There are 2 protein chains.
Amino acid sequence: MSINEPIKGKATSFDIAYRAGVSQSTVSRALRDSDLVNLETRNKIKAIAKELNYKVDKNASNLRSQQSTTIALLLFEDPTTDDSQINPFFLSMLGSITRACSVRGYDLLVSFQQLSDDWHADYADCHKADGIILLGYGDYQTYQQKLVSLEQQGTHFVRWGAVREGHIGHSVGSDNFQGGYEVTRHLISCGATNIAFIGGVSKGAPEFLARYEGSCKAIKEANLAVNPKLQADAINTDLDGYKGALKLIDSGERFDAVFCASDLIAVGAIKALTEQNLRIPEDVAVVGYDDIPLASFSRPTLTTVQQDTKGAGEVLVENLLHLIQGEPIVTNTLAGKLIVRQSSSKPG
Amino acid sequence: MSINEPIKGKATSFDIAYRAGVSQSTVSRALRDSDLVNLETRNKIKAIAKELNYKVDKNASNLRSQQSTTIALLLFEDPTTDDSQINPFFLSMLGSITRACSVRGYDLLVSFQQLSDDWHADYADCHKADGIILLGYGDYQTYQQKLVSLEQQGTHFVRWGAVREGHIGHSVGSDNFQGGYEVTRHLISCGATNIAFIGGVSKGAPEFLARYEGSCKAIKEANLAVNPKLQADAINTDLDGYKGALKLIDSGERFDAVFCASDLIAVGAIKALTEQNLRIPEDVAVVGYDDIPLASFSRPTLTTVQQDTKGAGEVLVENLLHLIQGEPIVTNTLAGKLIVRQSSSKPG
DNA sequence: GTGAGTCATTATAACGATTAAGACGTAAAA
DNA sequence: TTTTACGTCTTAATCGTTATAATGACTCAC
């Protein structure tokens, strides 16, 4: 037993051991409720620990047990957007992820990443985190290499995004195809026959592509024709939505509805349409995707698909923890919910 | 020198030492660019480290050096709001804080807190973080006790909020008084004579109070009368703004402008006013505070005060680091910027 | 040629926990 | 009585660093 009566700085388990008249290892066990130590001593030790305001040193604990009970969240955005404007959708997810982590006793390390950095090595490798959650719209191709090396290093990670064949690692995502399908069915039921789509399809976010494909399916099912000219590229900004809408108008093609791949795009599109004196939804119905807070306050309020952000955070964390513990993963697709608002109200 | 030729799991500094033919301590020094080790050996060691994909173990490093190069961000909201709706203003701050941390080589631990928990002990005490950033609107009284005990434990922390006399610890905040003053001067210059205020004043967020007081100053300076009946309480939600506006209308008092203590409140207020067929800004001018993304897209677009969130994150982190290193703190107040939009356009 | 002064590196303790293996009574089984 | 077993606790090794003191080698001055 070490003879360090006075507590110098923060209390250590040795200080408690001394006061309790037991060995340090017993203290360590007692505080983690090991039944290798007598209940009475256990309580005594806990009492002393509380009195001394003792907290287990995370670093020492992690070092010895070789795990950090910490999860790293890596947010990466398209390089075009700066850090002051973060996608609201991801931010709302942040809440549920944090919650999900803390419920399970995990800490959350947050980091925004430029895709250029070698983030893939910086977290799990130095034992900062047990696993990584990757969040970001973006071109899968650009960071596939990093995922491969993550995989090779045996790092545990899950990503939010489209669940597709051939993708590395485990993904959790909204059922974008189904969402696009339902949006379009809704538009058709409102009387739309020429439905435009604003959102990058050829390259870029696979989520957008899935939404588009779902939309096409609905159009075909209704015996309408898919018009490729009624599709305008846009990444996930309002400015791009604005430009996309202008492009559609300039194309001279007729359209009575616009399905925007995201709410931000929709906001921009609405601005453009309004400036051209088109009435929404009378002349053109508009639907977005994501149900960001703005959607319910824009004028007109925006019909959109609400992604289950609460559930998403929960599932992401849950799956990652399963992965870490070598258990099988269950869910990986979350249903979206169509929220009908003014921008696409039914006639009559 | 330990004789462990093969690398078992992740490489350690011993593995590198073996390959470089030097001692482990030399490796440790070399990787931190100590000039106690010859430049040539240093480069050699670095090369080998890179080749082996070696990363310093954070836990071991932290344990030994007794610091974590990690900052904890504690976000706490009024208990009324749930985790799915986080104040956009704080979220936008999150971006700059993350950026500021990573630039300085610090990690960021994020946590949302219910005020009830004993978060005050859970971060610095167990060496998870070197310091804490506290973010949250909220009644100062409710968590003052925690701040006191933080202080007592010698924990370093900074908070975002009103800088007031008698408050524990270091605060960084917008100059809310000045902001309120300028908003109101602007409204008066637009011709307003009866300016209402929606936002909790008597108790609750001191930020709101400061904005109100600034407003009152401007009113008095213009030789107008401050009408206490034209002040409605509201915490920071759109619903409360809605209710507040209705209350003002029901009061029967005349008013031609509403200064809302936050954009969220303003959004709710606009909704209420519009429903009562009041035109904005013709009948009533409306101004918010915060410049959340929604402000520039609402109909009408919302005049507001843009808080310098980018600068705020920077200053918060900077100050905290100063605090940790025992250096003096310089800045603690950030100027806001009035953004005039449609909701309060000048006549003519 | 002995002592002082550099320079580059090594040997060796910490840091504060976890955990396997061993020790010591005491009670039950042989 | 001796053995086995169990409950309870201690001893000691370990995690992978960082930091301090010690070691050699080698130059330089008196």
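Because the structure is predicted, anything quoted here is derived from the model rather than measured. Residue numbers begin at 1 in each chain, while the letters A, B, ... track the order of the sequences. Values below: all heavy atoms of this structure, side chains included; hydrogens, waters and symmetry mates excluded.
- What you find for A:Ser61 and A:Val56 is that their closest heavy atoms are CB-CG1, 4.0 Å.
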**Request:** Any chance you could lay out the side-chain hydrogen bond (donor to acceptor under 3.5 Å, both in side chains) test for B:Asn62 and B:Ser68, step after step, and finish with the verdict?
**Result:** CA-CA 5 Å; B:Asn62 289 346; B:Ser68 59; 5.4 Å; no
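- Residue-to-nucleotide proximity on DNA chain C shows that, of B:Ser65 and B:Asn38, the 5′-proximal contact is made by B:Asn38.
- Counting any heavy atom pair closer than 4.0 Å across all strands shown, B:Thr26 reaches a base atom.
- Between D:dT18 and B:Ser28, a contact under 4.0 Å exists linking OP1 or OP2 to a side-chain N or O.
- Although no hydrogens or angles enter the test, the distance criterion places a donor-acceptor pair under 3.5 Å between the side chain of A:Thr98 and the main chain of A:Leu94.
- Between B:Arg99 and B:Glu314 no salt bridge is recorded (no basic side-chain N to carboxylate O distance below 4.0 Å).
- Between C:dA17, C:dC15, D:dT17, one nucleotide has an atom nearer to the side chain of B:Gln66 than all others, and that is C:dC15.
- Between A:Phe14 and A:Val27, every side-chain heavy-atom pair lies at or beyond the 4.5 Å cut-off.
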Can you pull every protein N or O that's under 3.5 Å from an N or O on nucleotides 20-27 of chain D?
from	atom 1	to	atom 2	distance (Å)
D:dT20	O4	B:Arg29	NH2	2.7

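- Under 3.5 Å, the side chains of A:Ser23 and A:Thr26 contain a donor-acceptor pair of N or O atoms.
- Whole-Å rounding puts the B:Lys44 NZ to C:dA8 P distance at 15 Å.
- Among the nucleotides D:dT17, C:dA17, C:dG16, the one closest to the side chain of B:Phe14 is D:dT17.
- The C1' atoms of five pairs define one axis at each end of the helix from C:dG1-D:dC30 to C:dA30-D:dT1, and these two axes lie 60° apart (to 10°).
- The pair A:Lys46-A:Glu51 fails the salt-bridge criterion, with no side-chain N (NZ, NE, NH1 or NH2) lying under 4.0 Å from an Asp/Glu carboxylate O.
- B:Tyr18 has its OH atom 18 Å from the P atom of D:dG16, to the nearest Å.
- For the 3.5 Å distance criterion, the side chains of B:His127 and A:Asn59 fail to qualify, holding no donor opposite an acceptor.
- Here the rule is side chain to side chain contact (heavy atoms under 4.5 Å, CB included) with A:Arg159, and of A:Ile132, A:Leu316, A:Leu147 only A:Leu147 fits it.
- A donor-acceptor contact under 3.5 Å is not formed by the side chain of B:Arg64 with the base of D:dT17.
- Judged by closest nucleotide on DNA chain C, B:Asp35 is the one of B:Asp35 and A:Arg32 placed further toward the 5' end.
- Annotation for B:Glu40: atom CD does not count as buried by contact number, only 12 or fewer foreign heavy atoms lying within 6.0 Å.
- The side chain of A:Ser13 places an N or O atom within less than 4.0 Å of a non-bridging phosphate oxygen (OP1 or OP2) of C:dA17.
- Phosphate contact (OP1/OP2 of C:dT10, side-chain N/O of B:Ser23, threshold under 4.0 Å): present.
- In this entry the distance linking CG of A:Asn59 with C1' of C:dA14 reads 15 Å, nearest Å.
- Here A:Gln24 does not reach the OP1 or OP2 of D:dC9: none of its side-chain N or O atoms lies under 4.0 Å away.
- Atom-to-atom, CD of B:Gln67 to C1' of D:dT17 comes out at 13 Å; the value is rounded to the nearest Å.
- A straight line from CG of A:Leu63 to P of C:dT19 spans 12 Å, rounded to a whole angstrom.
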